[in-house]
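What follows is a set of notes on a single structure, which appears directly below.
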Amino acid sequence: MNIVAVIVGGYIAFSLELGLRNALAVGTGGAAPSFVFVLCMILAIGSPAGLVLWTCLVFGIITDLTWPHEIRGGADSITLLGPYALGYLFAGQFVLLLRSQIIKRNPLSLGFLCFAGFAVAQIMVVVIYTLRSAYTPEIVWEPTHQLISRLVGAAYTGVLGVLVGLVAGPISAALGLHQPAQRRHARPIY
């Protein structure tokens with residue numbers, strides 16, 4: 001894995017997520033796809049396990065720092081470090097368990113991993129925020145609405161994963177990920 005390429009890819013993914021999140025949001029809950037999580041899943045398919053977990057943790061920490069949560073009244077916001085970091089870490093471990101069972105070069109595999117992994121991460125985020133809002137009443141939080149909105153976002157991220165999966169070959173080659181060997185007379189998917 002090329003660390004410089006991952007940093008550049010992370011910068012691009014965070015830029016797309018911060019810039020397009022409101023434009024791509026659907027519904028009243030603002031469900032939107034996560035470009036950062038799709039990058040995490042591309043890395044999770046072809047990187048060593050230790051690097052996958054560390055990358056997911058770092059991207060989760062940055063996500064925590066870039067998405068503050070509003071406090072009642074809407075005049076102020078709070079940055080809570082941990083929900084996305086732990087959610088992305090659990091999702092990374094979940095995908096590491098699944099990656100031996102998938103066809104790595106199939107765009108539908110990336111879409112499934114994006115959907116399932118993001119659902120796991122968002123469930124973890126909802127659990128942490130729900131526990132936190134129980135003893136911090138200033139946080140505006142409705143668990144059922146948040147869970148439904150975030151699961152719709154997981155489905156949306158899965159669709160984005162399928163679309164990105166169509167060009168994942170050049171992306172993973174640019175990131176320096178391990179490419180599986182092809183058979184002599186096999187035609188590459190991408």
For this session: Would you list the pairs meeting ring-ring contact (aromatic ring centres under 6.0 Å, His included) in which at least one residue belongs to residues 84-114, sequence neighbours left out?
Result: F37-Y88
Seminar exercise, completed: Residue pairs passing the side-chain hydrogen bond (donor to acceptor under 3.5 Å, both in side chains) test with at least one member in residues 52-67, sequence neighbours excluded, are none
For this session: Could you note down all residue pairs passing ring-ring contact (aromatic ring centres under 6.0 Å, His included) where residues 3-27 supplies at least one of them, sequence neighbours left out?
Result: F14-F59
Problem set entry | Note, P33 side chain near L24 side chain (heavy atom, < 4.5 Å) | yes
Problem set entry | Separation between OG of S133 and CD of E142, rounded to the nearest 0.5 Å | 10.0 Å
Exercise. Which residue pairs pass the side-chain hydrogen bond (donor to acceptor under 3.5 Å, both in side chains) test with at least one member in residues 107-132, sequence neighbours excluded?
Worked result: Q122-R150, T130-W141, R132-T136
Problem set entry | Separation of L43 CG from L51 CG (nearest 0.5 Å) | 9.0 Å
For this session: Pick out which of L166, L163, V164 makes a side-chain contact (heavy atoms from CB on, under 4.5 Å) with P107.
Result: L166
For this session: To the nearest 0.5 angstrom, please state how far the CD1 atom of I45 sits from the CG atom of L113.
Result: 5.0 Å
Exercise. Can you tell if the side chain of L57 reaches within under 4.5 Å of the side chain of L86, non-hydrogen atoms only?
Worked result: no
Exercise. How about L151 and L147: do any of their side-chain heavy atoms sit closer than 4.5 Å?
Worked result: yes
Problem set entry | Residues that Q93 engages under side-chain hydrogen bond (donor to acceptor under 3.5 Å, both in side chains), provided they are two or more places apart | none
Problem set entry | Distance in Å, L110 CG paired with R105 CZ, rounded so as to fall on 0.5 Å steps | 13.5 Å
For this session: Could you please spell out the steps behind the side-chain contact (heavy atoms from CB on, under 4.5 Å) verdict for M41 and T157?
Result: CA-CA 11 Å; M41 293 302 100; T157 302; over 6 Å; no
Problem set entry | I7 vs I3, side-chain contact (heavy atoms from CB on, under 4.5 Å): CA-CA, chis, key distance, verdict | CA-CA 6 Å; I7 291 170; I3 300 297; 4.0 Å; yes
For this session: Each residue besides V162 in its hydrophobic cluster should be listed here, by chain and number; the cluster joins Ile, Leu, Val, Met, Phe, Trp and Tyr at side-chain heavy-atom distances under 4.5 Å.
Result: L108
